[in-house]
Amino acid sequence: MPELPEVEAFAQALRPFVERRTILKCRVIHPIAVRPSSGRGAKQAAAAMERHVRGQRVMAVQRFGKYLILQLAGGCLVMHFRLDGQLLWFDSRKTTGHVDVAFEMKHGTLGFVDQRHFGRVHWAASPEVIPGIAAMGVDPLSKEFTATRLTELLARSRRPLKLFLLDQDKIAGIGNIYSNEAMWHARIDPRRPASGLSTAEARKLHKAIVEVLRRALECCLHPAPDLRDANWWFQGLEKIVRVYGREGKKCRRCRAPIQRIAQGGRSTFWCAHCQK
DNA sequence: CCTGCTACCTGATGGC
DNA sequence: TGCCATCAGGTAGCAG
């Protein structure tokens with residue numbers, strides 16, 4: 001559930017299940033999911049997590065960028081879903097599917113699920129000790145994310161706009177889908193250097209980013225996410241996507257064919273006719 | 001400091 | 001059918 005809207009929707013859906021409840025037991029089933037970023041010490045990390053988390057009460061659920069945080073009475077659980085990770089709720093201690101880490105509570109079990117094992121769960125004394133969180137840029141749905149702020153950030157980067165938007169240290173929470181969508185709505189060529197945008201273009205882009213993310217979040221919240229359904233977040237996407245994944249199909253504005261190009265090793269979808 | 005490339009994993013899909 | 005290449009919503013680590 002990678003990008004900001006999906007993680008935010010998940011945080012909201014998760015709260016009634018876990019807030020003010022106690023994790024009776026933590027089971028690390030696939031230690032790879034708790035492996036430190038150094039790549040070694042997965043077993044020790046697993047043992048440490050099970051020890052730290054057992055008996056802890058969940059005080060709050062928060063989102064930082066694409067990270068989901070469970071604030072515990074002592075310390076916190078920091079989760080990142082990368083490409084395919086997700087959370088699932090099971091009504092008993094029994095879990096099914098590719099659960100990497102299970103958090104058992106009195107009324108059921110929260111499972112961190114990722115069959116591809118890209119996603120990560122870390123225990124930390126506080127979220128800021130995670131480097132990706134410490135360096136994180138402005139949240140695009142916060143009031144700090146203004147057109148002026150975006151203009152300043154753009155001015156300091158000569159990278160192609162697409163790569164700028166994916167940089168979590170600048171704006172936190174935008175991924176491949178919503179970066180494509182925002183640039184399409186703002187009618188800006190993804191290859192252009194970030195610093196080359198005019199003030200008017202920056203303002204248009206700001207509006208597009210906020211609207212795309214707000215709309216996606218609304219879509220994710222209605223109907224409300226079902227933590228028991230492994231596929232909920234996949235569903236609403238079709239309704240809001242205008243360019244992502246539409247290579248060769250007609251642009252919904254001008255009917256020109258949507259192009260796919262590679263930027264930073266990832267696909268960018270855009271309309272060469274109406275994005276300038 | 002900034003930028004660009006690759007590894008990390010597994011499964012689905014499409015061409016031959 | 002089988003085999004191989006390519007692709008997938010992300011980021012850390014490293015080299016230059």
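Numbers restart at 1 for each chain; the letters A, B, ... are given by sequence-line order, proteins then strands.
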Exercise. Could A:R116 and A:F118 be counted as a cation-pi pair, given that NZ or CZ must be under 6.0 Å from the ring centre and within 45° of the axis?
Worked result: yes
Problem set entry | Positive for ring-ring contact (aromatic ring centres under 6.0 Å, His included) with A:F17, one of A:W89, A:F103, A:F90 | A:W89
Seminar exercise, completed: When both distances are under 3.5 Å in a Watson-Crick or G-U wobble arrangement, the nucleotide paired with B:dC9 is none
Exercise. Between the main-chain N or O of A:F145 and the side-chain N or O of A:H206, is there a donor-acceptor pair closer than 3.5 Å?
Worked result: yes
Exercise. Does B:dG14 have a Watson-Crick or wobble mate here (both distances under 3.5 Å), and if so which one?
Worked result: C:dC4
For this session: Mind checking A:R35 for me? I need base, sugar-phosphate or nothing, with any heavy atom below 4.0 Å counting as a touch.
Result: sugar-phosphate
Exercise. Is it true that a side-chain atom of A:N176 and a backbone atom of A:S267 form a donor plus acceptor pair closer than 3.5 Å?
Worked result: yes
Problem set entry | Distance, P atom - from C:dT6 to B:dT6, rounded to whole angstrom | 14 Å
Problem set entry | Residue whose nearest DNA chain B nucleotide is more 5′ - A:R158 or A:H117 | A:R158
Exercise. Judged by atom type as modelled, is there a donor-acceptor pair below 3.5 Å linking the side chain of A:R35 to the main-chain atoms of A:R120?
Worked result: no
Exercise. When you check every protein heavy atom under 4.0 Å of nucleotides 10-16 of chain C, what one-letter string (B, S, -) results, 5' to 3'?
Worked result: BBSS---
For this session: Cation-pi check, A:R51 to A:W123: give yes when NZ or CZ is under 6.0 Å from the six-membered ring centre and within 45° of the ring axis, no otherwise.
Result: no
Exercise. Just the endpoints, please: which first and last nucleotides of DNA chain B, 5' to 3', lie under 4.0 Å from a heavy atom of chain A?
Worked result: B:dT3 to B:dG11
Exercise. Between A:Q62 and A:Q71, do the side chains contain an N or O donor and an N or O acceptor separated by less than 3.5 Å?
Worked result: yes
Exercise. Are A:F112 and A:F81 an aromatic pair by the rule of ring centers under 6.0 Å?
Worked result: yes
Seminar exercise, completed: Note: for A:R156 and A:G265 on DNA chain B, the residue whose nearest nucleotide lies more 5' is A:R156
Problem set entry | Distance between C1' atoms of B:dA12 and C:dT11 (Å, rounded) | 23 Å
